[in-house]
Amino acid sequence: MNSPLRIWHPFTNSALDPPPIPVERAEGVWLHTKDGGKIIDAISSWWVNLHGHSNPRIAAAIAEQARKMEHVIFAGFTHEPAEKLAAGLRKWLAPQLTHLFFSDDGSTAVEVALKLAVQYFSNQGRVAKKEIVALEHGYHGDTAGAMSVSDDSPFTDPFRSMRYAVQRVPSPYLYRRPAGMTPEGYLEFCIERLEESLQEKADSIACMIVEPLLQAAGGMIVYPAEYLRRARELCTQFDVLLIADEVLTGFGRTGKMFACDLAAIVPDLVCLSKGITGGFLPMGVTICTDRVEAAFRSENRMHTFYHGHSYTGNALACVAANASLQIFEEEPVFDRIAAIARINRERLEAFGKYAAVGETRQIGTMGAIELRAEDAGYLSAMRPKLYQFFLDRGVLLRPLGNVVYVLPPYVILPDELNHVYDVIEEAVQSLF
Ligand code: PMP
C-alpha cells in the first residue's frame, strides 16, 4: 500500500503545529468549519478578501465567464475581461501610469517590476544601472527575487545563497529608533541615509522598492508619508525608478484606493495583487509609466520583455477583478473602510494603558498592537500562544510575532470588529 499523499500547508511545521481546520463554507467575514463551528476571519484570509467571502456579485461574474471562456493564451491575444479591467483601473490610477502587465500573484508582480526596472536601463545601454535599493523590515514575497529584496528574516534565512545582494537602507520604523534619537530626528536620519546611498551609487542603482506607508509582514509598521515623498524626490533626482509594492496596501486598505494616493506621489511602477480580485482568484499586475514602457518599444527583438506566466491575463480572475471594481463604484465601500478605521482608532487608544503594550499603530483598515517582548520578531514565543488563544475564541488572527493586528474584510460589522478587539484585550489582560 502506498502511503497517503499528505498536503503540506504553508507556514506549518507538522512537528509543532496542530492539524489544519477543515472549512466547509465561508460567507461574509465568517468561516464555517466542518465540525459546525464559526470563525471570524479578522485578517481577510492573508489579506486578500475585501467584500466578504463568497460575495454573490463576484461569484456570479466568475460563473458566467466560466461558461463562455475560462482562459486563453495572452501572448498575441487579448479579451474583453482584460481590456475592461485595464479601463476600470485607469479611473483609479494617476494618469502617468499607462501600461499594465499581468502575472499571477504578489510575488510575481514584484518580480516583473524588478525585471522591468533592470531591463529598462539595459535596453538603453546603461547596463551598469542594475542594483536595487530596499528597506529594512521590508517584505515583498517568497520567490527568489522577491525574497532578495525582502529583509533578512526567518523566512529567508535558509536561502542566503539564493538571494542576490541589494542596497539595504534603514526603515523609518520610528518606534524602534536608536536610543537617544527623537522620532523626527530618526526620520531625518533615514532620509539622509537614503540620499547618501542613492548619491553614492547613482550610476549603478536601477530602482528602489518600497511598501508604501505600511510595511506589512515586517510587523505592520506604519511610517510617515514624508519619507515616501522624499524617496520619490530622491529617486527622480538620481534617475532611479521607484517601485511601489501595493500588493497589500492597494484597493482601499489604507483608506484611499492606493497608499501612494495618501502620500500624493506617483511611482514609476506599481505592483498590485491580493485584493485585486476581491480575494477570489490569484492575479498579479504591474503597472508602469509610458517612459518605462517606451524603453521596450524597439525594432530590436532583444528589447522585448520575455516574461510570461501560463495563466497571464486569466479571464476568470479578470472578471472577478471587474466585479470587485464595480462594487467599489456602486456600494459604499469607502464608508465601510472609514467605519473600520474609526473603530480601529477608538479601540487601539484603550490599549495604551496596558504595560504589555509597546505601541499601537493604525492606517485605514489596519490596526496593530506591538507587545513588549524580549524575543521581539516573528519567532517570538508569544505568537503560537496568542494564535491559539484567539482561535479558541473563534477569532482568526495571525500575529506577526509580538505584533497583533486586525485587517478585516470591509463588510465586517461594528459589533463583529468590536468583538475581535474585546478578544484581543482579553488576551493582553490574561496572558501578560
Ligand atoms: N508584497 C507584499 C507587500 C506582500 O504583503 C506580499 C504577501 N504577503 C507579497 C508581496 C507577495 O504576495 P503573494 O503572497 O501573493 O506572492
Side-chain angles (χ1 to χ4, degrees), residues 11 13 16-18 39-44 46-47 136-137 139 151 153-155 171-183 186-187 211 213-224 248 253-254 340-408 412 414-432:
F11 281 64
N13 181 334
L16 292 171
D17 295 311
I39 298 171
I40 190 162
D41 183 357
I43 54 157
S44 304
W46 256 348
W47 320 342
E136 280 172 2
H137 301 293
Y139 173 83
D151 200 1
S153 75
F155 308 167
S171 150
Y173 184 2
L174 303 185
Y175 174 62
R176 295 221 168 263
R177 64 189 181 273
M181 265 196 182
T182 62
Y186 187 56
L187 175 61
E211 290 161 273
L213 303 186
L214 172 61
Q215 293 190 288
M220 293 295 164
I221 302 157
V222 181
Y223 65 85
L248 162 69
R253 277 288 168 208
T254 63
I340 294 170
R342 203 162 39 242
I343 295 173
N344 281 346
R345 271 194 303 275
E346 282 165 15
R347 294 300 306 254
L348 287 173
E349 219 182 280
F351 281 83
K353 64 175 179 275
Y354 297 110
V357 174
E359 189 189 48
T360 61
R361 298 187 279 270
Q362 188 263 334
I363 185 167
T365 62
M366 194 293 296
I369 298 150
E370 174 157 351
L371 297 164
R372 292 181 201 279
E374 297 278 308
D375 60 349
Y378 191 80
L379 297 185
S380 168
M382 285 181 183
R383 206 201 91 89
K385 270 190 235 154
L386 286 163
Y387 177 74
Q388 200 53 49
F389 183 95
F390 299 137
L391 216 45
D392 289 345
R393 286 152 186 82
V395 177
L396 171 57
L397 288 166
R398 289 180 58 93
L400 293 157
N402 55 313
V403 179
V404 178
Y405 70 92
V406 169
L407 194 95
I412 194 165
D415 282 355
E416 292 166 337
L417 184 53
N418 275 312
H419 172 68
V420 172
Y421 274 110
D422 289 345
V423 171
I424 298 174
E425 209 161 339
E426 192 191 333
V428 171
Q429 285 167 343
S430 62
L431 289 183
F432 309 106

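Remark: M220 CE to Q362 CD distance equals 12.5 Å, nearest 0.5 Å. The line from CD of E359 to CG of L371 is 12.0 Å long, rounded to the nearest 0.5 Å. The distance from the CD1 atom of I369 to the CZ atom of F351 is 4.0 Å, given to the nearest 0.5 Å. Here the straight-line distance linking atom OG of S171 with atom CD of E211 works out to 9.0 Å at 0.5 Å rounding. Summarising the geometry, atom CD1 belonging to I340 is positioned 7.5 Å from atom CG belonging to N344; distances are rounded to the nearest 0.5 Å. We find the CD1-CG distance between I39 and L397 to be 11.0 Å, quoted to the nearest 0.5 Å.
Taking every heavy atom of both residues into account, Y223 and L214 meet most closely at CE2-N, 4.0 Å. Nearest heavy atoms, R372 versus M382: O-CE, 3.0 Å. Nearest heavy atom pair, residue L174 against residue L187, reads CD2-N, 4.0 Å. Across L348 and T360, no two heavy atoms sit closer than the pair O-CG2, 3.7 Å. What you find for A216 and L400 is that their closest heavy atoms are O-CD1, 3.4 Å. The minimum heavy-atom distance between V395 and A42, with the atom names listed, is CG1-CB, 4.4 Å.
Taking the side-chain contact (heavy atoms from CB on, under 4.5 Å) definition, one finds that A427 meets it with L386, F389, F390, L431, sequence neighbours left out. In this view, E416 and V29, W30, I40, I412, L413 satisfy the side-chain contact (heavy atoms from CB on, under 4.5 Å) rule, not counting sequence neighbours. With sequence neighbours excluded, the residues that form a side-chain contact (heavy atoms from CB on, under 4.5 Å) with R176 are Y173, E370, A376, N402. For Y387, there are no ring-ring contact (aromatic ring centres under 6.0 Å, His included) partners, not counting sequence neighbours. Partners of Q388 under the side-chain contact (heavy atoms from CB on, under 4.5 Å) rule, at least two apart in sequence or in another chain, are P18, L391, D392. Taking the ring-ring contact (aromatic ring centres under 6.0 Å, His included) definition, one finds that Y421 meets it with nothing, sequence neighbours left out.
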side-chain contact (heavy atoms from CB on, under 4.5 Å) evaluation trace for L396 with R398 = CA-CA 7 Å; L396 171 57; R398 289 180 58 93; 4.2 Å; yes

Apply side-chain contact (heavy atoms from CB on, under 4.5 Å) to I424 and V420, showing your working.
-> CA-CA 6 Å; I424 298 174; V420 172; 4.2 Å; yes

Just do the side-chain contact (heavy atoms from CB on, under 4.5 Å) check on Y175 and Y186 with the steps written out, would you?
-> CA-CA 10 Å; Y175 174 62; Y186 187 56; over 6 Å; no

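Within the 4.5 Å cutoff, the side chain of L248 has heavy atoms near those of the L407 side chain. At a threshold of 4.5 Å between non-hydrogen side-chain atoms, the residues V222 and M366 count as touching. Residues P408 and L417 form a side-chain contact, since some pair of their non-hydrogen atoms from C-beta on lies under 4.5 Å apart. Proximity of R383 to Y378: side-chain heavy atoms (C-beta onward) are separated by under 4.5 Å at one or more points.
At distances below 3.5 Å, not a single donor-acceptor pair connects side-chain atoms of D151 with backbone N or O atoms of E136. For R177 (side chain) and P172 (main-chain N/O), no donor-acceptor pair under 3.5 Å exists by modelled atom type.
A salt bridge is absent between R347 and E349: the closest approach of a Lys/Arg side-chain nitrogen to an acidic carboxylate oxygen does not fall below 4.0 angstrom.
Using modelled atom types, one finds a donor on one side chain and an acceptor on the other under 3.5 Å when comparing R253 with S44. A donor-acceptor contact closer than 3.5 angstrom links the side chains of Y354 and Q429.
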